[in-house]
Colleague: 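I am attaching a structure below and will ask some questions about it afterwards.
Sequence lines set the chain letters: A, B, ... in the order given, protein chains first and strands last, and positions in each chain run from 1. Keep in mind the model is a prediction, meaning the values are calculated, not measured.
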There are 2 protein chains.
Amino acid sequence: MQSEIVIRALAALAQEHRLAAYRLLVQAGDDGIAAGMLAEKLGVPASSMSFHLAQLTHAGLITQRRQSRSIIYSADYAAMNRLMGYLTENCCGGIPCADDAGCSAPPQSDAA
Amino acid sequence: MQSEIVIRALAALAQEHRLAAYRLLVQAGDDGIAAGMLAEKLGVPASSMSFHLAQLTHAGLITQRRQSRSIIYSADYAAMNRLMGYLTENCCGGIPCADDAGCSAPPQSDAA
DNA sequence: CCCATGATTCGATAATTATCGAAATATAGG
DNA sequence: CCTATATTTCGATAATTATCGAATCATGGG
């Protein structure tokens with residue numbers, strides 16, 4: 001995983017409406033949620049919601065599928081896990097971390 | 001954990017130099033790294049580095065301590081773990097996630 | 001084909017964030 | 001006390017990002 005996509009993912013999540021949308025999608029699971037429904041739940045105009053969903057999609061954090069006239073968005077859990085792995089990579093320089101540090105990053109074999 | 005601090009943390013990490021600095025600190029462990037050394041390693045002017053370190057500090061992701069004339073920064077692992085917990089909170093709406101989804105968020109009792 | 005619905009794209013504007021030199025602050029040593 | 005070092009604060013400017021209405025595109029039904 002390279003830092004450019006990581007930054008895009010972090011930037012995508014670092015915004016009130018996008019974070020809220022992402023969390024709703026995480027909780028929704030594979031069913032996903034339609035764009036219009038997200039806009040309604042968050043009280044955001046459709047065009048703004050679309051802009052935010054595009055950012056999340058471009059960052060690889062969510063996926064979209066069309067279902068009739070609606071576009072259903074879903075969280076991509078694997079992407080989130082790659083992101084977390086990247087952030088804790090080589091934690092503590094390989095020294096076994098104290099438990100209370102909670103540093104539990106698994107060794108990343110696909111590290112860039 | 002409330003979303004405001006989460007957004008601050010994500011925004012703090014969503015920047016090239018700050019992400020690089022944070023990762024160096026994660027790998028450095030408790031020894032930490034001095035501000036000047038970080039600036040040198042990243043090829044960033046001292047004043048810019050200071051600005052970025054302030055953002056990370058304000059987000060609660062790193063801590064600082066003075067050691068003689070230097071200020072040593074260290075990663076706060078617990079903060080990172082809280083952040084990850086928040087992002088995967090209530091993953092899949094409580095439905096046991098598929099293994100390949102890698103969704104391993106523990107139940108967050110201190111969830112906001 | 002026409003109309004309604006759901007969503008995205010466009011374009012202009014407002015708001016936020018990054019950059020970096022110069023000046024200021026803190027610490028240490030002679 | 002004076003000087004050197006390490007870092008932060010200030011201030012001005014550049015760059016990026018968010019917002020939202022209007023226009024456009026895609027789908028489905030009558």
Side-chain angles (χ1 to χ4, degrees), chain A residues 3-25 28 31-76, chain B residues 3-25 28 31-76:
Chain A
S3 72
E4 192 189 321
I5 186 69
V6 170
I7 287 172
R8 221 180 303 160
L10 291 165
L13 292 172
Q15 205 281 340
E16 180 189 352
H17 300 314
R18 288 197 295 262
L19 180 60
Y22 180 76
R23 275 162 58 79
L24 285 175
L25 292 176
D31 290 350
I33 304 175
M37 177 61 85
L38 283 170
E40 189 185 340
K41 285 201 187 217
L42 301 182
V44 168
S47 65
S48 297
M49 192 74 255
S50 186
F51 168 80
H52 291 310
L53 289 171
Q55 306 263 315
L56 287 165
T57 301
H58 188 227
L61 289 168
I62 62 176
T63 58
Q64 58 184 159
R65 65 180 197 273
R66 180 175 280 276
Q67 183 176 91
S68 179
R69 271 170 295 198
S70 295
I71 295 190
I72 311 289
Y73 286 88
S74 308
D76 181 337
Chain B
S3 70
E4 192 189 321
I5 185 68
V6 169
I7 288 172
R8 220 181 303 160
L10 290 165
L13 292 172
Q15 207 279 339
E16 180 189 352
H17 300 314
R18 289 196 295 262
L19 180 59
Y22 181 75
R23 275 163 59 79
L24 285 176
L25 292 176
D31 290 350
I33 304 176
M37 177 62 85
L38 283 170
E40 188 184 342
K41 285 201 187 217
L42 300 181
V44 168
S47 65
S48 298
M49 191 76 253
S50 185
F51 168 79
H52 291 309
L53 290 170
Q55 305 264 315
L56 287 165
T57 301
H58 188 228
L61 289 168
I62 63 176
T63 58
Q64 58 183 160
R65 65 179 197 274
R66 179 176 280 275
Q67 182 175 91
S68 178
R69 269 170 297 197
S70 296
I71 295 191
I72 311 287
Y73 286 87
S74 311
D76 181 337

Colleague: When you measure from the side chain of S48(B), which nucleotide among dA18(C), dC20(C), dA26(D) comes out closest?
Modeller: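 In terms of side-chain proximity for S48(B), the closest of dA18(C), dC20(C), dA26(D) is dC20(C).
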Colleague: At under 4.0 Å, does any side-chain N or O of S70(B) touch on OP1 or OP2 of dA6(D)?
Modeller: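 The answer is no; no side-chain N or O of S70(B) sits under 4.0 Å from OP1 or OP2.
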Colleague: To the closest 0.5 Å, what do you measure between NZ (K41(B)) and CD1 (I33(B))?
Modeller: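 Between K41(B) NZ and I33(B) CD1, I get 5.5 Å after rounding to 0.5 Å.
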Colleague: Choose from dA18(D), dT27(D), dT19(C) the nucleotide whose nearest atom is closest to any side-chain atom of Q15(A).
Modeller: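 So the side chain of Q15(A) is nearest to dA18(D).
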Colleague: I need the M37(A) CE to I72(A) CD1 distance, nearest 0.5 Å.
Modeller: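 These two atoms lie 9.5 Å from each other.
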Colleague: To the nearest Å, how far apart are R65(A) CZ and dT27(D) C1'?
Modeller: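 One finds 17 Å between C1' of dT27(D) and CZ of R65(A), rounded.
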Colleague: Tell me, which of residues 53-63 of chain B have any heavy atom that sits under 4.0 Å from an atom in DNA chain D?
Modeller: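 Contacts with DNA chain D under 4.0 Å: none.
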Colleague: Using the closest heavy atom to pick a nucleotide of DNA chain D for each, name whichever of Q67(A) or R18(A) lands nearer the 5' end.
Modeller: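 With Q67(A) and R18(A) compared, the 5'-side residue is R18(A).
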Colleague: Determine: side-chain N/O of Y73(B) to OP1/OP2 of dA6(D), distance under 4.0 Å, yes or no.
Modeller: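 Result: no.
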Colleague: Are Y73(A) and M49(A) packed together at the side-chain level, in the sense that at least one heavy-atom pair is separated by less than 4.5 angstrom?
Modeller: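 Y73(A) does not reach M49(A) side chain to side chain.
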Colleague: Could you give the CD-to-P distance, from E16(A) to dT16(C), as a whole number of Å?
Modeller: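 That distance rounds to 12 Å.
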Colleague: Can you check the M37(B) CE to dA6(D) P distance for me, whole Å?
Modeller: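 From M37(B) CE to dA6(D) P: 10 Å.
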Colleague: Let's see if you can work this out: which of dT8(C), dT27(D), dA28(C) has an atom nearest to the side-chain heavy atoms of R69(A)?
Modeller: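 Of all the options, the side chain of R69(A) is nearest to dT27(D).
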Colleague: Does L25(B) reach the side chain of L38(B), with side-chain heavy atoms less than 4.5 Å apart?
Modeller: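 Sidechains of L38(B) and L25(B): in contact.
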Colleague: Classify S50(B) by what it touches in the nucleic acid, base, sugar-phosphate, or nothing, heavy-atom distance under 4.0 Å.
Modeller: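 Base, at least one base heavy atom under 4.0 Å.
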Colleague: Taking the side chain as C-beta and beyond, is there a heavy-atom pair between E16(A) and I7(B) under 4.5 Å?
Modeller: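 Sidechains of I7(B) and E16(A): in contact.
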Colleague: Take atom CE of M49(B) and atom P of dT5(D), then tell me their distance rounded to the nearest Å.
Modeller: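 Between P of dT5(D) and CE of M49(B): 22 Å.
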Colleague: Mind calculating the distance between CD1 (I72(B)) and P (dA6(D)) to the nearest angstrom?
Modeller: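 It is 11 Å, rounded to the nearest whole Å.
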Colleague: Measuring from I62(B):CD1 to Q55(B):CD, what's the distance to the nearest 0.5 Å?
Modeller: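 So the CD1 of I62(B) and the CD of Q55(B) are separated by 10.5 Å.
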Colleague: Whole angstrom is fine here: how far is it from CZ in F51(A) over to P in dG21(D)?
Modeller: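 Distance check: F51(A) CZ to dG21(D) P gives 15 Å.
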Colleague: Can you check whether any acceptor in the base of dG21(C) is under 3.5 Å from a donor in the side chain of S47(B), or vice versa?
Modeller: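 A donor-acceptor contact between them is present.
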Colleague: Measure CG/L10(A) against C1'/dT17(D) and give the value in whole Å, please.
Modeller: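 In whole Å, dT17(D) C1' and L10(A) CG are 16 Å from each other.
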Colleague: Can you measure L38(A) atom CG to dT8(C) atom P for me and round it to whole angstrom units?
Modeller: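 Answer to the nearest Å: 10 Å.
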Colleague: Give A34(B) one of three labels, base, sugar-phosphate or nothing, depending on what nucleic acid heavy atoms sit under 4.0 Å from its own.
Modeller: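 It contacts sugar-phosphate atoms only.
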Colleague: Please classify the nucleic acid contact of A35(A) as base, sugar-phosphate, or nothing, using heavy-atom distances under 4.0 Å.
Modeller: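 Result for A35(A) = sugar-phosphate.
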Colleague: In Å and rounded to the nearest 0.5 Å, what is the CG to CD distance from D76(A) to Q64(A)?
Modeller: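 Interatomic distance, D76(A) CG to Q64(A) CD, rounded to 0.5 Å: 12.5 Å.
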Colleague: Measuring to OP1 and OP2 of dT19(D), would you say a side-chain N or O of H17(A) lies under 4.0 angstrom away?
Modeller: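 Affirmative; the distance criterion is met.
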Colleague: Which nucleotide in the list dT8(C), dA28(C), dT19(D) gets nearest to the side chain of H52(A)?
Modeller: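 Nearest to the side chain of H52(A) among the choices is dT19(D).
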Colleague: Given dA7(C), dT27(C), dT27(D), identify the nucleotide with an atom nearest to the side chain of I71(A).
Modeller: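 Nearest to the side-chain atoms of I71(A), counting from C-beta on, is dA7(C).
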Colleague: Would you mind reporting whether V6(A) and L19(B) have side-chain heavy atoms less than 4.5 Å apart?
Modeller: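 A side-chain contact under 4.5 Å exists here.
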